[in-house]
*Asks:* 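Before I ask anything, here is the structure I am working with.
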Amino acid sequence: MFGKKKPKENVEKKVSVLFVDENNDLQSQIAEYFLVRFYSDIYEVRSAGPKHDFIDCDLISVMYQNGHDIRKAASKDFNAYSMLTEYDHVVFLQQETYDRIHEAIPFKGKQTVKDFGKRSDFKATDDMELVQCYLDLMDNVAQWIKETFSSPENI
């Protein structure tokens, strides 16, 4: 029919989530990847840190070898987002980063901490053990994302 506008569908606003680790180079990249992969219909997701660095090259390689392509991802600091304080949920993935900055930055929305450790916590003595450390981290983060973010009420 010409002249009549199609009624707008009832589209719910996605829940916005910001994952934070110190350099946005490891845990936050994994969390962002899996939240987008599993629940992109529910969440608008970003990751950043107080500083930025290069994404951990070993992480990129191990993820790619296991079917998860983050080669185009980039580490971002908070300056990358002009509306930094406008997230429904800010999830810190390192306790020490949370302790240092959570009060200094006026985040609006709920702040939570889920500490997955950091690269320096890996106890690998050779390349095979290092790969296993990355795989364990990826699996832990992916499982946590699946369980925690299956419904926004769980966060």
Side-chain angles (χ1 to χ4, degrees), residues 6-122 133-155:
K6 186 177 180 180
K8 290 184 179 180
E9 294 179 28
N10 186 11
V11 178
E12 290 189 34
K13 180 184 174 282
K14 291 183 179 183
V15 176
S16 59
V17 177
L18 175 66
F19 290 113
V20 176
D21 69 27
E22 189 67 25
N23 296 311
N24 187 225
D25 62 346
L26 187 63
Q27 309 89 326
S28 58
Q29 293 290 336
I30 298 169
E32 179 180 11
Y33 172 84
F34 282 114
L35 188 55
V36 167
R37 182 170 174 214
F38 298 146
Y39 303 117
S40 63
D41 57 328
I42 302 171
Y43 299 97
E44 177 184 331
V45 60
R46 302 248 192 264
S47 67
K51 301 178 246 176
H52 72 279
D53 199 354
F54 295 102
I55 296 176
D56 188 300
C57 294
D58 292 326
L59 171 68
I60 292 169
S61 177
V62 171
M63 286 190 74
Y64 187 74
Q65 291 172 21
N66 287 276
H68 309 292
D69 191 355
I70 64 166
R71 292 176 298 166
K72 292 184 181 180
S75 174
K76 301 155 297 289
D77 61 29
F78 293 146
N79 293 329
Y81 300 117
S82 58
M83 300 301 285
L84 179 64
T85 60
E86 299 298 323
Y87 288 89
D88 298 317
H89 297 278
V90 178
V91 182
F92 289 86
L93 300 173
Q94 291 174 317
Q95 183 69 48
E96 66 186 46
T97 302
Y98 172 80
D99 292 343
R100 191 172 58 74
I101 70 167
H102 81 279
E103 291 179 352
I105 297 175
F107 291 111
K108 295 178 184 169
K110 184 177 178 181
Q111 294 182 40
T112 57
V113 178
K114 176 62 177 170
D115 191 339
F116 285 101
K118 52 189 181 270
R119 171 66 173 79
S120 61
D121 296 334
F122 289 177
C133 289
Y134 282 104
L135 290 172
D136 292 346
L137 178 60
M138 287 168 39
D139 289 345
N140 290 337
V141 172
Q143 186 62 38
W144 175 73
I145 292 288
K146 272 187 182 177
E147 293 170 1
T148 305
F149 291 87
S150 62
S151 172
E153 292 81 31
N154 293 345
I155 306 173

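We use all heavy atoms of the structure for the numbers below, so side chains are in, but hydrogens, waters and symmetry mates are not.
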*Asks:* How far does OG of Ser47 sit from CG of Asp21, to the nearest 0.5 angstrom?
*Replies:*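 One gets 7.5 Å once the value is rounded to the nearest 0.5 Å.
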*Asks:* Please check if any side-chain donor atom of Asn66 sits under 3.5 Å from a side-chain acceptor atom of Tyr134, or the reverse.
*Replies:*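 Looking only at side-chain atoms, Tyr134 and Asn66 do not form any donor-acceptor pair under 3.5 Å.
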*Asks:* What is the distance from atom NZ of Lys72 to atom CD1 of Ile55, rounded to the nearest 0.5 Å?
*Replies:*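 Lys72 atom NZ to Ile55 atom CD1 measures 13.0 Å (nearest 0.5 Å).
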*Asks:* Aromatic contact between Tyr43 and Phe149, with the criterion being ring centroids under 6.0 Å apart: yes or no?
*Replies:*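 That pair passes the under 6.0 Å test.
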*Asks:* Determine, step by step, whether Lys110 and His89 satisfy the side chain to side chain contact (heavy atoms under 4.5 Å, CB included) criterion, reporting the C-alpha distance in whole Å, the side-chain angles of both residues, the deciding distance to 0.1 Å, and the verdict.
*Replies:* CA-CA 5 Å; Lys110 184 177 178 181; His89 297 278; 3.6 Å; yes
*Asks:* Quick one: CG on Asp69 to CZ on Arg37, what's the gap to the nearest 0.5 Å?
*Replies:*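 If I round to the nearest 0.5 Å, the distance is 11.5 Å.
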*Asks:* Do Phe122 and Asp58 have side chains that get closer than 4.5 Å, going by heavy atoms?
*Replies:*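 SC-SC contact between Phe122 and Asp58 ruled out.
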*Asks:* State yes or no: are the ring centers of Phe92 and His102 separated by less than 6.0 Å?
*Replies:*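 No: the rings miss the under 6.0 Å criterion.
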*Asks:* Are the side chains of Leu93 and Lys114 in touch, meaning some heavy atoms are under 4.5 Å apart?
*Replies:*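 Heavy-atom side-chain distance check passes, below 4.5 Å.
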*Asks:* Between Glu96 and Lys118, does any side-chain N to carboxylate O distance fall below 4.0 Å?
*Replies:*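 Yes, charged N to carboxylate O under 4.0 Å.
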*Asks:* Leu18 and Ala48: which non-hydrogen atoms are nearest, and at how many Å?
*Replies:*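 Shortest heavy-atom separation between Leu18 and Ala48 comes out as CD1-N, 3.9 Å.
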*Asks:* List the atom of Ser40, the atom of Val36, and the distance in Å for their closest heavy-atom pair.
*Replies:*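 Shortest heavy-atom contact: CB-O, 3.1 Å.
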*Asks:* First locate atom CZ of Arg71, then atom OG of Ser61, and finally report the distance between them rounded to the nearest 0.5 Å.
*Replies:*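 Atom-to-atom, Arg71:CZ and Ser61:OG are 10.5 Å apart.
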*Asks:* Minimum heavy-atom separation for Ser150 to Ile42, with atom names?
*Replies:*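 Smallest interatomic distance, heavy atoms only, reads O-CD1, 4.1 Å.
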*Asks:* Checking side chain to side chain contact (heavy atoms under 4.5 Å, CB included) for the pair Leu26/Leu137: CA distance, chi angles, key distance, verdict?
*Replies:* CA-CA 9 Å; Leu26 187 63; Leu137 178 60; 3.9 Å; yes
*Asks:* Do NZ/NE/NH1/NH2 and the carboxylate oxygens of Arg46 and Glu32 come within less than 4.0 Å?
*Replies:*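 Judged by the 4.0 Å cut-off on N to carboxylate O distance, Arg46 and Glu32 do not form a salt bridge.
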*Asks:* Donor-acceptor pair, distance only, cut-off 3.5 Å: does the side chain of Asp115 make one with the backbone of Gln95?
*Replies:*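 Here the side-chain-to-backbone pair exists.
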*Asks:* With rounding to the nearest 0.5 angstrom, report the CD1 to CZ distance, Ile105 to Arg100.
*Replies:*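 That separation rounds to 8.5 Å.
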*Asks:* Within the 3.5 Å criterion, strictly below it, is a donor on Asp53 or Ser75 matched to an acceptor on the partner's side chain?
*Replies:*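 Per modelled atom types, Asp53 and Ser75 side chains form no pair under 3.5 Å.
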*Asks:* Can you tell me if Tyr98 uses its side chain to pair, donor with acceptor, with the backbone of Val91 under 3.5 Å?
*Replies:*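 Not at all, since once roles are kept as given, no pair shorter than 3.5 Å links the two residues.
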*Asks:* Under the criterion side-chain hydrogen bond (donor to acceptor under 3.5 Å, both in side chains), I'd like the reasoning laid out for Glu22 against Thr97: C-alpha separation, chi angles, the key distance, then a yes or no.
*Replies:* CA-CA 6 Å; Glu22 189 67 25; Thr97 302; 2.8 Å; yes
*Asks:* Starting at CG of Leu59, measure out to NE2 of His68 and round the result to the nearest 0.5 Å.
*Replies:*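 The NE2 atom of His68 is 10.5 Å from CG of Leu59, to the nearest 0.5 Å.
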*Asks:* With side chain to side chain contact (heavy atoms under 4.5 Å, CB included) as the criterion, how do Val62 and Leu135 come out once you've worked through the C-alpha distance, each side chain's angles and the decisive distance to 0.1 Å?
*Replies:* CA-CA 7 Å; Val62 171; Leu135 290 172; 3.7 Å; yes
*Asks:* What closest approach, in Å, do Ala142 and Phe38 show between heavy atoms, and which atom pair accounts for it?
*Replies:*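 The answer is O-CE1, 3.6 Å.
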*Asks:* Could you tell me if the side chain of Gln29 sits less than 4.5 Å from the side chain of Lys76, heavy atoms only?
*Replies:*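 A side-chain contact under 4.5 Å exists here.
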*Asks:* Would you find a donor on one side and an acceptor on the other, under 3.5 Å apart, between the side chain of Lys51 and the backbone of Gly49?
*Replies:*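 Absent.
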*Asks:* Testing Tyr87, Tyr33, Phe19 for side chain to side chain contact (heavy atoms under 4.5 Å, CB included) with Val45, which one passes?
*Replies:*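 With Val45 as partner, side chain to side chain contact (heavy atoms under 4.5 Å, CB included) holds for just one option, Phe19.
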*Asks:* Under the side chain to side chain contact (heavy atoms under 4.5 Å, CB included) rule, what do Lys13 and Asp88 come out as? Steps first, then yes or no, please.
*Replies:* CA-CA 11 Å; Lys13 180 184 174 282; Asp88 298 317; 3.7 Å; yes
